[in-house]
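Numbering starts at 1 and runs along the sequence shown.
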Amino acid sequence: HSIIHNNPAIPPANLLWVRALSAHHQGETARALELYKAALEQDPELFGAWYNLGLVSKSEGDLALSQKAFARALKLRPTWVDARFMLGVVVHKRGDDERATELLDKVLEVQPKHVKAHYLLAVIHANSGKRGVSRTHFEHVLRLDGNGEFGRQARDWLKKNERQAPPMPVR
């Protein structure tokens, strides 16, 4: 502990980042939020601080800040799948399902077996009445996470929304 604090070779942003992580892991989200912001004032390119600021601000209910933080993290590391996925989650929560769908589809291009991306896309498509696309994503979830929580929810949806033959015309 004292080695970190007394080492002039460690940049101030990293010291703040370490303190922010500690607060974050202890569930002190408001304190973590302030420390991540302070770290980013010192070093605006600190990817991990942007990403974790996104997580903390989301849990604190500040979706605008969360979206900004995940977008910035993604800009710093465009290949970081979790940043793209979390940005998709927040954008969806803020009501922009079209943008969320674009982000989540990109996640699946890189990681076709990303269970949560399939699940969220299934939910988004179900909510907008695109049952066929929704079914496809739920079937992927079931294959990838059969006994997990997402798999159970996918199974329930698929059972409730079984394909049925259209009714025959009555004459």
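The NE2 atom of His92 lies 5.0 Å from the CG atom of Leu120; values are rounded to the nearest 0.5 Å. The line from CD of Glu139 to OG of Ser134 is 9.5 Å long, rounded to the nearest 0.5 Å. In this structure, CG in Leu104 is found 9.0 Å from NE2 in His137, a value given to the nearest 0.5 Å. Remark: Leu87 CG to Leu103 CG distance equals 5.0 Å, nearest 0.5 Å. The distance from atom NZ of Lys113 to atom CG of Leu108, rounded to the nearest 0.5 Å, is 12.5 Å. With rounding to the nearest 0.5 Å, the separation of CG in Leu121 from NZ in Lys116 is 14.5 Å.
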Donor-acceptor pairs under 3.5 angstrom involving side-chain atoms of residues 53-64: please list them, not counting sequence neighbours.
residue	atom	partner	partner atom	Å
Ser57	OG	Leu53	O	2.6
Ser57	OG	Gly54	O	3.3
Ser57	OG	Ser66	N	3.2
Ser59	OG	Val56	O	2.8
Glu60	OE2	Thr29	OG1	2.4
Asp62	OD1	Leu65	N	3.0

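Checking side-chain atoms of Arg99 against main-chain N and O of Val91 turns up no donor-acceptor pair under 3.5 Å. Judged purely by atom type and a 3.5 angstrom limit, Arg84 has no side-chain atom pairing as donor or acceptor with the backbone of Lys106. Using a distance-only test at 3.5 Å, with no hydrogens or angles considered, a donor-acceptor pair links the side chain of His118 to the main chain of Pro112. At least one donor-acceptor pair under 3.5 Å links the side chain of Arg155 to the backbone N or O of Gly146.
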Quiz prompt | Derivation and outcome, side chain to side chain contact (heavy atoms under 4.5 Å, CB included), residues Val18 and Asn14 | solution = CA-CA 6 Å; Val18 169; Asn14 293 36; 5.5 Å; no
Quiz prompt | Full working for salt bridge (charged side-chain N to carboxylate O under 4.0 Å, His left out) between Glu45 and Arg72 | solution = CA-CA 9 Å; Glu45 305 293 299; Arg72 191 69 193 271; 3.4 Å; yes
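Contact detail for Ala20 and Ala32: the closest heavy-atom pair is O-CB, 3.7 Å. Closest approach of Ala13 and Asp43 over heavy atoms only: CB-CB, 3.5 Å.
Cluster partners of Phe138 are Val115, Tyr119, Val123, Val141, Leu142, Leu144, Phe150, Trp157, Leu158, counting Ile, Leu, Val, Met, Phe, Trp and Tyr whose side-chain heavy atoms approach within less than 4.5 Å, directly or via other members.
Put simply, the side chain of His125 does not reach to within 4.5 Å of the side chain of Thr136, judged on heavy atoms.
Placement of Val107 and Val133 in two distinct hydrophobic clusters is found when ILVMFWY residues are connected by side-chain heavy-atom separations under 4.5 Å, directly or transitively.
Screening residues 26-47 for ring pair (Phe, Tyr, Trp, His ring centres under 6.0 Å), with sequence neighbours left out, gives Trp17-Tyr36, His24-Tyr36, Phe47-Trp80.
Leu16 pairs with exactly one of Leu46, Leu35, Leu40, Leu21 by the side chain to side chain contact (heavy atoms under 4.5 Å, CB included) rule, that one being Leu35.
Annotation for Glu149: atom CD counts as buried by contact number, over 12 foreign heavy atoms lying within 6.0 Å.
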